[in-house]
Amino acid sequence: MSSPLISVVVLAYNQFEQTTGPCLQSLSPWFEDHDIEFIVYDNASPDGSGELTAQWCKPHPALRFVQSPTNLGYAGGMNAAAQLARGEWLFLVNNDTQFPERTLD
């Protein structure tokens, strides 16, 4: 299996319904694109968002979910998630981002 061209790294923290859920939904048109790898990294959300994110990701095999045991802060969380990436390019995404149609095309 070849490496993906792009690794999309979504750093998630709290407020799943307002941020991470809509972000992931907006990325869903590209879940079947084998040139894109998706890593969703929950930064130890204390409000239960990590569990909700894990549930949301479970039926989507294109999504790789990782939950940090401790909050690493923004830079630490992004760096930890980026280390998991296999893509030639990294696309670092905050969980409150929503992607319009054709963004990743």
Ignoring hydrogens and geometry beyond distance, is a side-chain donor-acceptor pair present between Asn95 and Thr20 at under 3.5 Å? yes
Write out all pairs satisfying salt bridge (charged side-chain N to carboxylate O under 4.0 Å, His left out) with one or both partners inside residues 3-15, taking only residues at least two apart or from two chains.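 Checked against salt bridge (charged side-chain N to carboxylate O under 4.0 Å, His left out) - neighbours excluded - no pair reaches residues 3-15.
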Could you report the tightest heavy-atom contact between [X] and [Y], atom names first, then the distance?
X	Y	result
Trp30	Arg102	CZ2-N, 3.6 Å
Glu37	Arg86	OE1-N, 2.9 Å
Tyr41	Ala80	OH-CB, 3.4 Å

Remaining members of Tyr13's ILVMFWY cluster at a side-chain heavy-atom cut-off under 4.5 Å?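 ILVMFWY cluster around Tyr13 holds nothing else.
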Side-chain contact, heavy-atom cut-off 4.5 Å: Leu24 with Val40? yes
Can you find a pair of side-chain heavy atoms, one from Pro4 and one from Ile36, that are under 4.5 Å apart?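 When only atoms from C-beta onward are counted, Ile36 and Pro4 do not touch, as no gap falls below 4.5 Å.
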Any donor-acceptor pair under 3.5 Å linking the side chain of [X] with the backbone of [Y]?
X	Y	value
Thr53	Ser49	yes
Ser7	Ala82	no
Thr19	Asp96	no
Ser68	Thr70	yes

Quick one: ring pair (Phe, Tyr, Trp, His ring centres under 6.0 Å) partners of Tyr74, sequence neighbours excluded? none
Residues in side-chain contact (heavy atoms from CB on, under 4.5 Å) contact with [X], at least two apart in sequence or another chain:
X	result
Val93	Val8, Val10, Cys23, Phe91, Thr97, Phe99
Gln67	Asp42, Glu51, Phe65
Ala44	Asn71

According to a 4.5 Å side-chain heavy-atom criterion applied to Ile, Leu, Val, Met, Phe, Trp and Tyr, with indirect links allowed, do Ile39 and Leu72 form part of one hydrophobic cluster? yes
Are Ile6 and Leu11 co-members of a hydrophobic cluster defined by side-chain heavy atoms under 4.5 Å apart? no
Approximate separation, where rounding is to 0.5 Å, of [X] [atom1] and [Y] [atom2]:
X	Y	atom1	atom2	result
Glu88	Leu5	CD	CG	5.5 Å
Glu32	His60	CD	NE2	10.0 Å
Asp47	Glu17	CG	CD	10.0 Å

Only one of Val66, Leu92, Leu84 passes side chain to side chain contact (heavy atoms under 4.5 Å, CB included) with Val9, and that residue is Leu92
